[in-house]
Structures are given as C-alpha cells and as structure tokens.
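Per chain, numbering begins at 1; letters A, B, ... match sequence-line order.
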Amino acid sequence: MLRTHTCGQLRAENVGEKVTLCGWVDSYRDHGGGLFVDLRDRYGKTQVVFSPESGAEVQGQSRAIRNEDVIKVIGRIDLRPEGTVNSKLPTGEIEIRVESIEILNKCKTPPFFPNQQDQPNEDLRLANRFLDLRGNKMQETLVLRSRIIKLMRDYFEKHDFIDVETPILGRSTPEGARDYLVPSRVHHGTFYALPQSPQLYKQIMMIAGYDRYVQVARCFRDEDLRADRQPEFTQLDMEMSFVEMDDIIGMIDGLVEISAKEIHGQEVKLPLPRMTYAEALERFGHDAPDLRFGMELIDCTDLAAEAEFRVFKSVADAGNKVRGIIAKGAASKYSRRLIDNMTKFVQEDFGAKGLAWFKVEEGMKLSSPIAKNFSDELLAKFAERFDAEPGDLILMVADKYEVTCKALYALRKKLGAELELYDPKEMHYSWITEFPMFDYDEDEDRWNAMHHPFTAPLPEDIEKLDTAPHECRAIAYDLVINGSEAGGGTIRIHDSEVQEKVFGLLGMEKEEAQEKFGFLLDALQYGAPPHGGIALGIDRWVMLFGGLDNIRDCIAFPKTQKAADLMTKAPGSVDRKQLEELALKVMRLDEKRV
RNA sequence: GGGGCAGUAGCUCAAUUGGUUAGAGUCCCGGACUGUCGAUCCGGAGGUUGCGGGUUCGAGUCCCGUCUGCCUCGCCA
C-alpha cells in the first residue's frame with residue numbers, strides 16, 4: 001500500500017504518529033511562508049501543512065501543487081494550533097506536518113473541478129465523467145447505490161433465494177417496448193434482442209423447480225428517455241413459486257422496512273397501504289399517486305349537468321366527466337397569467353380543451369371569468385363540494401375521464417411541489433393493485449397486455465375474458481414510492497387454457513404464439529407450479545432514497561436524452577469489414593421509406 | 001415525431017430599445033504574504049457570442065435553418 005491511512009481517518013488520538021496519505025488536491029492555500037493543502041479521497045479530507053520546518057526542498061516542491069494533482073505525503077500528525085480547528089471537517093482537529101512529498105501524477109488544468117460550487121453544464125459533466133464522479137455528491141450516491149444493492153442481495157439470500165444469471169443475448173418478443181437488436185454473424189439476417197427484462201427466463205426457472213429466484217438484472221428498452229428513464233437500467237428481479245400476491249407483497253414489504261431503517265433510520269409500519277388501480281385513478285388521476293399530500297380529485301359531473309354553462313353541461317350530457325382539485329389558500333399565489341400558463345400546460349400536454357378555475361373570495365363568492373354562467377346557488381354547491389374556504393383556488397377540467405385524470409394528475413403534482421404541500425425528504429410507500437388486464441390500442445385497433453401477456457387475471461374476472469375484457473382485472477401490483485413507480489409484478493398464468501384465451505384477445509394466433517415463445521408455452525405443460533414475482537427499479541430506488549430528481553445522477557455512466565454516451569461517444573460507426581461480416585448494409589436516410 | 005428552455009472567456013454568469021473596444025467572479029500564468037480552510041493583495045493572459053444563412057449603416061441581441069444538452073407529450077412498466 002502506498003498509504004497508511006485514508007484522508008477521512010485521522011483524529012486527535014493519532015497525534016504524534018508518522019503517516020503516509022495519498023489523494024487528490026482538493027484545494028490549496030499558499031501563504032508564502034506556509035502552504036495548506038486539503039487532501040481528498042473518497043473517505044474525506046485532511047489538511048496537510050508545508051512550512052519552513054518541512055525543509056527548503058519540500059517547500060520548493062510544494063509550490064508546484066495545483067488542484068486535482070495526485071500526491072503522496074509523509075509526515076507527522078499534530079493538533080492544529082488553538083483557534084484554527086475546522087469544525088466542518090471530521091479531521092478538523094488535526095493536520096499533517098509534511099516531511100516529504102511526491103507528486104504521483106500532475107493534473108492538467110481540468111475543464112471543471114469536481115466539487116466546484118456552480119455545477120457545470122451536464123454535457124460537460126458527462127463528457128468528463130471521471131472528474132464528475134470524483135465529486136462528493138456522485139461518490140455519495142454511488143456508495144448509496146452499492147449499499148442498496150447489497151441490502152437487497154443479503155435480504156433475498158436470507159430468504160433462500162438463488163441468484164441466477166440469464167442471457168443478455170436473447171430473442172425478440174412481441175409486445176412491450178422496442179428491442180435493442182444485435183445482429184448475428186453466424187446466422188446472417190437474424191438478430192438477438194437485449195432483454196427488456198428476464199421475464200421469460202425467470203418463469204422457466206420456476207418450472208425448473210428453483211422456487212425462489214433473484215437477480216440484479218440489466219434491462220434494455222429502446223424508447224425515448226425521461227428524467228427517470230434510461231435505455232439500459234437495472235432491476236432487482238425476483239420470482240417465487242407456490243405463492244399468491246400477498247406473499248410477494250409481504251416479501252417486498254419486508255425489504256422496504258429494512259431499507260427505510262438502514263438508509264434513513266426510519267420505522268415503516270407494515271403492511272404497506274394498498275389501493276386499487278380504479279381508486280387511484282378516481283382519487284388521484286394516476287396509477288402511481290404521490291400520497292405524501294392530499295388534494296384529491298373531486299368529481300362534480302352531477303353539478304356540471306345542472307349548469308347553464310354549455311362547456312360543462314355538454315360534457316356531462318355526453319357521459320364525460322367534470323372533475324377538479326382545490327388548492328387551499330393558493331388563490332393569491334396564482335395570478336391570471338400563471339393560471340393561463342397552467343391552461344396552456346393541460347391543453348398542450350394532455351389534450352384538455354381548457355381549464356376552468358374559480359378563486360374563492362371573502363364571503364364565499366366564487367370569482368372567475370366563467371362565473372357569470374352559473375347561478376349563485378349552483379356556485380355555492382360547487383364550493384360545498386370542494387369544501388372551499390376563502391383564499392382557495394379551484395381548478396376544473398371537463399373532458400373524457402382519461403383526460404381529466406391526466407390533466408388533473410399533472411396539475412396536482414405541479415401544485416403539490418410549488419405550494420410545498422409535503423416535505424421532500426418524507427418517504428411514502430404504498431401498493432397499487434388490481435390493474436386492468438388490457439388496455440386498448442386505438443392505432444392498431446386491438447387489445448394490449450397492460451403488463452405482459454402472461455399475467456394472470458383475478459379469479460373472479462376470468463369469465464370476463466370472454467364477455468368484457470376491458471373490465472378484466474389482473475393480479476398485478478406496483479410498488480409506489482413518493483409518486484414514482486418503484487417496482488411492479490404479477491402472478492403468472494399457469495393454465496394453458498387461460499393463456500390461450502389471453503393470446504386470442506391480444507390478437508395472437510396460436511402459430512404466432514408458438515413461434516415467438518413456444519419454449520415457455522411448452523414448458524408450462526410440463527409441470528409448471530403456480531408462480532409470480534416482481535421487479536424493482538434499482539436506479540429509481542437510489543433516486544428516491546437519495547432524494548435525487550434525476551436518474552442520470554444514480555448511474556455511473558448514463559446516457560443522454562438521445563441515448564448517447566458523451567464520454568465514450570457511443571454509439572459510434574463501425575468498420576465496413578464488421579458490417580460485411582454481419583452481412584449488413586447501412587441505408588441512406590432517403591432510402592428509409594422503401 | 002410534437003411543444004418548451006438553454007448554448008457568450010477553461011468554468012459559472014452579465015451585457016438596457018439593435019449602437020463605442022463583449023464585462024465580472026473563478027480557473028490559469030507571474031509576484032507578495034508564517035495559520036489558512038470560498039485565504040488575502042498586486043499584475044497578466046484568455047472570446048469564431050454553438051454552427052450556417054438572412055435583415056440592417058450596424059447583430060451576442062431580430063428572422064430562418066441546423067447541431068448539442070435538459071424538461072415534457074407521444075412512446076415506455
């Protein structure tokens with residue numbers, strides 16, 4: 001070892017010891033007579049002092065020191081003189097009196113410094129990730145990530161789960177996201193697909209009798225990115241045999257309990273609360289509601305039907321919905337202009353036709369440009385429905401149910417953050433259950449599996465497969481943390497008759513199903529145990545437990561919104577020879593339409 | 001594919017209504033200084049205003065196109 005201690009290790013009790021430290025120069029303060037260096041590694045910072053007693057040669061060497069140089073110093077630990085203790089540093093009581101120094105590696109003047117107070121632009125950070133990752137915040141986050149993964153692995157090992165690796169090179173399956181494809185050199189014209197999840201493999205493992213499987217699995221989906229979405233991401237994937245939904249949920253409840261305790265030192269009350277999908281949509285407009293605050297959606301379609309106001313009345317008469325939210329005490333915080341912006345927001349992003357709003361005045365008068373279209377009596381009913389008080393702001397959307405959900409969910413989320421209706425550090429865990437089996441794809445005029453085509457329906461809904469597929473609920477469950485989907489799973493179909501019916505609904509012919517995943521259908525006929533599982537989004541867990549608002553900050557080497565790696569410059573072009581081996585030809589843009 | 005925001009010195013930002021030689025802090029280089037910890041003080045260097053067109057007597061500023069990054073809808077569990 002080149003060092004005897006780390007830079008976060010030494011305390012007053014080490015005074016007098018001769019030590020060797022290595023690290024990066026975090027900062028230096030040159031006083032001519034003496035030079036102070038904060039030496040940094042991932043464990044902390046220690047002040048090292050060059051003074052005349054270090055000797056002329058060492059002092060001379062010290063003058064060359066610049067930030068981010070990698071140096072090794074040997075010296076004795078001493079208490080800092082009275083009045084110069086730095087209470088901000090754990091090592092702040094002591095300093096190293098340098099006897100010799102070696103500059104292990106000079107640092108070129110970097111484009112930015114890892115811990116500089118004004119964070120550089122993200123593209124610069126990503127292009128120079130080695131500097132960015134050197135910073136305290138990123139190091140903290142990656143340590144947190146490592147702890148979370150270890151905690152998960154330990155937990156599942158303790159519960160007799162077996163860690164099994166599944167292939168990265170698989171085959172493309174229909175449904176779900178767009179695949180990342182890898183061309184085969186041996187079989188020209190064919191492609192592997194990178195796994196969107198190890199779903200099918202883990203079901204095979206169940207059939208093979210490994211009744212508790214777990215894996216920290218890299219997954220790939222070639223879809224557009226978001227603040228909480230990367231094209232390659234990591235799941236804690238697990239599957240269990242001879243279980244029902246409650247067993248899976250109970251298992252994950254236990255993991256949440258331990259995580260909250262280990263990471264935040266918080267006690268979580270189990271079982272975690274549950275809400276059905278239908279209830280979540282009704283009360284919050286979304287299947288992953290942030291339950292750290294209220295501001296629930298309120299239906300007033302019946303009142304709208306009584307109104308003269310044509311916009312409301314026609315929507316109500318057409319069987320659509322008029323729903324709204326109330327922001328307590330927010331009337332004065334939202335000017336006409338801000339409300340106009342909100343209107344534009346729900347129109348452009350969610351297809352709402354408009355945003356109706358009322359400010360509650362003193363004396364309970366509702367004021368709004370549209371107020372004149374309502375009788376005083378009806379306005380009073382609205383106020384009562386929303387439980388309004390003077391100073392409140394009521395926002396309403398009149399539209400199809402789905403549009404009211406989306407628009408009001410987005411407004412609720414926005415207002416909740418802006419009005420600080422919750423403590424951002426607070427954590428809320430809950431389950432959403434009873435998802436629909438299918439949603440309707442209007443473009444393709446057919447049903448889609450909401451989760452995946454092997455999801456089992458609720459036993460009481462099985463007959464609806466024939467009569468009312470849209471009402472058929474799945475044994476599916478999502479773990480929601482702070483309004484973010486942190487995991488999701490299902491109990492799988494292990495009955496080939498039901499499986500066939502589901503394929504039929506999805507418009508998949510028997511031959512096609514056999515061709516695409518015959519291996520699973522076959523396996524299901526050779527002694528498949530009832531089974532189910534879940535996958536947790538590890539990147540999101542880190543994000544949520546770390547209080548971060550960006551998934552890129554939870555990943556050592558993330559991609560940009562255009563799925564590029566700015567450091568390695570991936571994706572890149574390849575040699576003609578490589579293409580030839582694969583029998584591939586790159587089309588020009590104008591050929592694409594052919 | 002659609003909508004929005006941003007791009008000015010190595011970095012973070014400023015630049016009035018379109019008007020003189022594009023500024024500040026920091027970093028970098030040189031100098032001073034024996035207790036600093038965002039050290040301080042003095043001096044210096046550093047610019048294709050993302051790129052390409054256009055309007056204008058004159059463009060960092062206005063218009064068109066384009067590239068990159070971010071947020072978002074669609075997409076995605």
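Whole-Å rounding puts the A/D30 CG to B/C28 P distance at 12 Å. Rounding to whole angstrom units, CD of residue A/Q347 and P of B/G4 are separated by 14 Å. Remark: P of B/U40 and NE2 of A/H31 are 9 Å apart, rounded to the nearest angstrom. The CG atom of A/N115 sits 15 Å away from the C1' atom of B/C27 (whole-angstrom rounding). A/D539 places its CG atom 15 Å from the C1' atom of B/C76, with the value rounded to the nearest Å. For the pair A/F36 CZ and B/U36 C1', the interatomic distance rounds to 4 Å; values are reported in whole Å.
Residue contacts for A/G33: at a heavy-atom cut-off of 4.0 Å it reaches the sugar-phosphate backbone alone, with no base atom in range. Using a 4.0 Å heavy-atom criterion, one finds that A/R40 contacts no nucleic acid atom at all. Contact annotation for A/E348: backbone-only contact, meaning every heavy-atom pair under 4.0 Å involves sugar-phosphate atoms and none involves a base. Within 4.0 Å of A/D287, counting heavy atoms only, lies at least one base atom of the nucleic acid. Residue A/G537 is classed as having no contact, given no heavy-atom separation below 4.0 Å to the nucleic acid. As judged by a 4.0 angstrom heavy-atom cut-off over every strand, A/R552 is placed among residues touching the sugar-phosphate backbone only.
Nucleotide B/G35 has no partner under the Watson-Crick or G-U criteria, as no pair reaches both atom distances under 3.5 Å. Here B/G18 sits opposite no nucleotide as a Watson-Crick or G-U wobble pair (both hydrogen-bonding atom distances under 3.5 Å). As the counterpart of B/A9, no nucleotide is assigned, since no Watson-Crick or G-U wobble pattern has both distances under 3.5 Å. Under the Watson-Crick and G-U wobble criteria, each requiring two contacts below 3.5 Å, nucleotide B/U56 is left unpaired.
A/F50 has its side chain within reach of A/V58: a pair of non-hydrogen atoms, C-beta onward, lies under 4.5 Å apart. Looking at A/F438 and A/L506, their side chains come closer than 4.5 Å, going by heavy atoms from C-beta outward.
In the model, A/S54 has no side-chain atom that pairs as donor or acceptor with a side-chain atom of A/E99 under 3.5 Å. In summary, the side chains of A/D41 and A/T6 do not present any donor paired with an acceptor at a separation below 3.5 Å, with no hydrogens or angles considered.
One finds no side-chain N or O of A/R226 lying less than 4.0 angstrom from the OP1 or OP2 phosphate oxygen of B/C75. Between A/R80 and B/U36 there is no side-chain polar atom (N or O) within less than 4.0 angstrom of OP1 or OP2. Taking only side-chain nitrogens and oxygens, A/K406 comes nearer than 4.0 Å to OP1 or OP2 of B/G74. A sub-4.0 Å separation between OP1 or OP2 of B/U68 and a side-chain N or O of A/K562 is present. For B/C11, the OP1/OP2 oxygens have no side-chain nitrogen or oxygen of A/N121 closer than 4.0 Å. One finds no side-chain N or O of A/T109 lying less than 4.0 angstrom from the OP1 or OP2 phosphate oxygen of B/C27.
Closest contact between the side chain of A/Q235 and the listed nucleotides B/A77, B/U68, B/G2 involves B/A77. The side chain of A/A564 approaches B/G69 more closely than any other nucleotide in the set B/U36, B/C29, B/G69. For A/P120, whose side chain is taken as the heavy atoms from C-beta onward, the closest listed nucleotide among B/C11, B/U34, B/C70 is B/C11. Out of B/C75, B/U68, B/C71, the shortest distance to the side chain of A/D224 is found at B/C75. Of the candidate nucleotides B/G10, B/C76, B/G69, B/G10 has the atom lying nearest to any side-chain atom of A/P111. When distances run from any side-chain atom of A/D349 to the nucleotides B/C71, B/G2, B/C29, the shortest one goes to B/G2. Distance from the side chain of A/A177 is smallest to B/C76 among B/C76, B/U68, B/C75.
Spacing between B/A59 and B/G19 at atom P, rounded to whole Å, works out to 11 Å. For B/U55 and B/G10, the P atoms lie 31 Å apart once the distance is rounded to whole Å. The P atoms of B/U12 and B/A6 are separated by 16 Å, rounded to the nearest whole Å. A gap of 16 Å separates the C1' atoms of B/U68 and B/U8, to the nearest Å. Going from the P atom of B/C5 to that of B/C64 covers 13 Å, rounded to whole Å. Separating the C1' atom of B/G2 from that of B/C75 is a span of 12 Å, rounded to the nearest Å. Distance noted for atom P between B/C27 and B/G38: 13 Å (whole Å). Rounded to whole Å, the P atom of B/G35 lies 34 Å from the corresponding atom of B/G46.
The neighbour count for A/K344 NZ, taken as heavy atoms of other residues, nucleotides or ligands under 6.0 Å away, does not exceed 12. Applying the 6.0 Å contact sphere to NZ of A/K72 captures more than 12 heavy atoms from other residues, nucleotides or ligands.
The only member of A/S172, A/P195, A/P231 that meets side-chain contact (heavy atoms from CB on, under 4.5 Å) when paired with A/Y180 is A/P231. Exactly one of A/F435, A/F284, A/Y477, A/W431 qualifies for a ring-ring contact (aromatic ring centres under 6.0 Å, His included) with A/Y277. That residue is A/F435.
Between the side-chain ring of A/H451 and the base of B/A77, no stacking contact exists by the 5.5 Å and 30° definition.
Positionally, the nearest nucleotide of RNA chain B for A/R97 lies more toward the 5' end than for the other of A/R97 and A/Q196.
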